[in-house]
Every structure is written in C-alpha cells, then in structure tokens.
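These notes are about the structure you will find just below.
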Amino acid sequence: MLVTTSYNPSNALLDKAGRLAASYGGQIVPRRKYSLEHLRRNYEDDCLLLVTRDEIRYYEDDRPAYFFHPSMALVRVKRMLQGESDLLIEASGAAIGDAIVDCTAGLASDSIVFSFAVGPQGSVTALESEEIPAMLIQEGLAVYESEITELNEAMRRITVRKTHHLAYLQQLATQSVDVVYFDPMFRSPIEESQAISLLRRNANDEAVNVASIAEARRVARKSIVLKENRDSKEFARLGFEHVLRSTTKTTYGVIRLC
C-alpha cells in the first residue's frame with residue numbers, strides 16, 4: 001500500500017502520513033505535483049492511502065475512494081437530541097453508563113449511536129477484524145468534526161480493536177459487559193448505499209457462528225442484539241427468539257438476559 005498526502009503538505013501532515021505508513025505497513029511516497037493515478041502506475045501498486053488535513057482516503061484498483069463518515073449516525077444522534085427514540089437503543093436496552101461491545105463495527109455508525117446513548121459514564125468497544133475498515137474507523141473517529149458537539153464527543157470515546165469478535169469475547173470475564181451487538185454482512189444482501197457497497201469489498205463476510213453467540217451469552221448482562229434482513233433465517237439459527245416487527249428491510253433480533 002502506498003501512502004501519500006494532499007498537495008503542499010505541512011510538516012504535521014507529513015508526520016501523520018509517516019506514522020500511518022509505519023503503523024499499517026505502507027510505503028510513504030512524496031506527492032509533489034503527481035496525480036494519484038501517476039503514483040500508482042509509477043510504483044506499481046493499486047492500493048493507496050491519501051492523507052489530508054481532515055481525513056484519510058483509501059483507493060483500491062479503479063473503485064471509488066473508501067473513507068470514514070458517521071453516515072446515518074449523524075441523523076440518528078440529531079433525532080435523539082430532539083427527544084426521539086432510536087430502535088437499536090430501545091431493542092438493546094442500552095442506558096447511561098452501560099458497557100457495549102460492537103462485534104462487527106464496519107463503518108462504526110452503530111457504535112457512535114451506542115456511545116452517545118451510554119454517555120461518558122459508559123463505554124463502547126468497536127471490533128473490526130479487517131485491516132482497512134479498522135484503520136479508517138480508528139483514524140476517522142479520532143479526527144472527524146461535525147457541527148454536533150455531542151456526536152464528536154461520542155466518536156472520541158469509542159475504543160477500536162482490530163480483532164475477530166470471537167477471540168475478543170473469549171477473553172472477557174463473565175457478565176463483564178451489558179450489551180453485545182452483531183451487525184454482520186447480510187447473508188442475502190439488500191439494496192445498499194454506496195458506503196456499504198464499498199465496505200463489502202474489504203469486509204469479513206463470514207456468518208456469525210453459534211460459538212460467538214454462546215460467548216456473548218456468557219459475557220453480557222442485559223442483551224445480545226443481531227441486525228439482519230427482516231426475513232433472514234439467521235435469527236432462528238442463532239437462537240434469537242424475539243425479532244422486532246419492522247416496516248423496513250432490516251430489523252433486530254434480541255436475546256434478553258435480564
């Protein structure tokens with residue numbers, strides 16, 4: 001993977017690019033006046049990380065750039081600030097001070113909503129097994145600035161771990177967190193946003209296994225939540241007896257533990 005900057009980078013930006021290259025095994029290359037296409041051709045590498053003042057963008061082959069954005073979390077937090085409820089928060093029973101484990105963070109949109117809901121007294125750990133999504137959310141959550149102070153604070157509080165959720169759950173103590181959440185790539189994909197379509201090519205598309213649910217039952221105090229296609233057979237396969245009714249294409253299955 002090549003790592004470069006925007007044109008005319010500051011010393012701080014050069015330092016950031018160097019840190020990212022060292023952290024993620026990239027090759028730092030000077031931008032000068034070259035286009036990104038020129039750099040990829042010249043260095044014979046189709047994977048490139050562009051570091052700018054406000055964000056980082058990952059390019060692979062001839063596909064559109066992949067970058068962090070809070071996506072629907074921004075809209076959902078705005079609504080919650082206006083006193084509206086959020087279906088995920090209601091389904092999970094998450095409350096101020098709770099500890100949440102998001103086992104399949106992806107773009108971290110649900111992690112952000114959880115972090116806002118549990119507040120500074122709580123905690124959210126976002127797990128992502130794949131390198132590119134983990135890198136982008138790790139860096140993006142730390143620097144992205146929206147016009148909503150509460151959203152920015154929620155993003156900064158999230159802890160990102162690059163690890164498979166089963167390995168992480170196995171190391172947790174019994175009843176040590178409140179909610180365990182799964183939002184895997186759907187077995188039967190529905191119409192997707194561009195962001196999700198881009199994520200899918202770098203994501204872990206394995207199904208949640210029964211061993212992961214068993215570990216989640218051991219470590220969670222309140223609930224285990226699974227997001228899936230509303231007609232998915234995954235709910236029954238994994239033991240989610242309570243599936244919320246939904247007028248949309250997706251819904252939540254819940255295992256209540258208290």
Side-chain angles (χ1 to χ4, degrees), residues 1-40 43 45-81 102 105-116 120 124 126 128 130-162 192-203:
M1 178 179 69
L2 305 177
V3 181
T4 194
T5 66
S6 50
Y7 295 118
N8 302 314
S10 64
N11 288 334
L13 194 59
L14 289 170
D15 289 343
K16 181 177 181 180
R19 174 181 65 80
L20 290 170
S23 297
Y24 299 105
Q27 176 187 357
I28 187 79
V29 296
R31 181 68 183 272
R32 298 194 177 99
K33 296 183 179 181
Y34 298 127
S35 68
L36 301 181
E37 292 74 17
H38 173 88
L39 292 176
R40 292 198 288 180
Y43 288 91
D45 194 330
D46 287 330
C47 300
L48 182 144
L49 192 69
L50 173 64
V51 184
T52 72
R53 185 185 66 178
D54 300 319
E55 66 179 2
I56 60 175
R57 289 180 170 246
Y58 177 73
Y59 295 83
E60 184 177 300
D61 301 325
D62 58 353
R63 299 183 176 101
Y66 179 28
F67 57 94
F68 171 82
H69 188 278
S71 188
M72 282 302 295
L74 193 151
V75 176
R76 292 162 67 188
V77 168
K78 277 185 177 179
R79 290 173 177 168
M80 293 169 74
L81 283 167
D102 181 350
L107 296 172
S109 182
D110 289 326
S111 288
I112 296 169
V113 175
F114 271 125
S115 183
F116 173 76
V124 175
E128 176 52 56
E130 304 307 297
E131 183 173 44
I132 298 303
M135 171 183 64
L136 293 178
I137 62 173
Q138 176 80 61
E139 301 298 327
L141 288 167
V143 301
Y144 187 92
E145 288 287 343
S146 75
E147 74 278 12
I148 306 172
T149 299
E150 294 88 347
L151 178 72
N152 298 336
E153 292 172 348
M155 288 190 289
R156 306 298 184 263
R157 292 195 296 265
I158 297 170
T159 299
V160 179
R161 306 280 189 199
K162 180 186 173 297
E192 297 173 334
S193 67
Q194 184 183 53
I196 295 299
S197 178
L198 292 172
L199 173 64
R200 184 174 287 277
R201 74 174 188 251
N202 287 296

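Everything numeric in this text was worked out from a predicted model, so none of it was measured.
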message = I'd like to know whether Val113 forms a side chain to side chain contact (heavy atoms under 4.5 Å, CB included) with Met72, so could you lay out the CA-CA distance, the side-chain angles of the two residues, the decisive distance to 0.1 Å, and finally the verdict.
response = CA-CA 9 Å; Val113 175; Met72 282 302 295; over 6 Å; no

Matching residue for Val3 among Val29, Val51, Ile56, Leu50 - test: side-chain contact (heavy atoms from CB on, under 4.5 Å) = Val51

ask   = Which atom pair, heavy atoms only, marks the closest approach of Ala105 to Ala126?
value = CB-CB, 3.7 Å

task = Indicate the atoms forming the closest heavy-atom contact of Ile28 with Ala17, along with that distance.
result = CD1-CB, 3.6 Å

task = Please tell me if the side chains of His69 and Tyr144 come closer than 4.5 Å, counting only heavy atoms from C-beta onward.
result = yes

key: Non-hydrogen side-chain atoms of Val75 and Lys78 separated by less than 4.5 Å   = no

task = Look up atom CG in Asp110 and atom OG in Ser71, then write down how far apart they are to the nearest 0.5 Å.
result = 9.5 Å

inquiry  = Are more than 12 heavy atoms, taken from residues, nucleotides or ligands other than Arg53, located less than 6.0 Å from that residue's CZ atom?
reply    = no

note = Only residue of Thr4, Asn8, Leu13 satisfying side-chain contact (heavy atoms from CB on, under 4.5 Å) with Arg31 is Thr4

task = Quick one: pull up CZ in Phe116 and CZ in Arg76 and give me the separation to the nearest 0.5 Å.
result = 11.5 Å

key: Contact summary for Ser111 and Asp102, nearest pair of heavy atoms   = OG-OD2, 2.7 Å

message = Working to the nearest 0.5 angstrom, can you tell me the gap between Leu141 CG and Ile158 CD1?
response = 5.0 Å

Spatial distance of atom CD (Gln138) from atom CZ (Arg161) [nearest 0.5 Å] = 9.0 Å

request  = Heavy atoms only: give me the nearest Leu151-Ala73 pair and the separation to one decimal.
outcome  = CD1-O, 4.3 Å

key: More than 12 heavy atoms from other groups under 6.0 Å of CZ on Arg157   = yes

ask   = Roughly how far apart are Leu107 CG and Glu128 CD, rounded to 0.5 Å?
value = 9.0 Å

ask   = At their closest point, which heavy atom of Pro30 faces which heavy atom of Leu39, and how far apart are they?
value = O-CD2, 3.9 Å

Short side-chain to backbone donor-acceptor contact, Tyr43 and His38, under 3.5 Å = no

Ion pair Asp46/Arg63, N-O distance below 4.0 Å = no

message = Determine whether Gln27 and Asp45 satisfy the following criterion, side chain to side chain contact (heavy atoms under 4.5 Å, CB included), listing intermediate values before the conclusion.
response = CA-CA 10 Å; Gln27 176 187 357; Asp45 194 330; 5.5 Å; no

ask   = Taking atom CE of Met1 and atom CD of Glu60, what is their separation to the nearest 0.5 Å?
value = 11.0 Å

task = Would you name the heavy atoms of Arg156 and Ala142 that are closest together and state the gap between them?
result = NE-O, 3.2 Å

Single hit among Lys16, Arg57, Arg19 for salt bridge (Lys or Arg N to Asp or Glu O under 4.0 Å) with Glu139 = Arg19

key: Heavy atoms of other groups near Asp61 CG, more than 12 under 6.0 Å   = yes

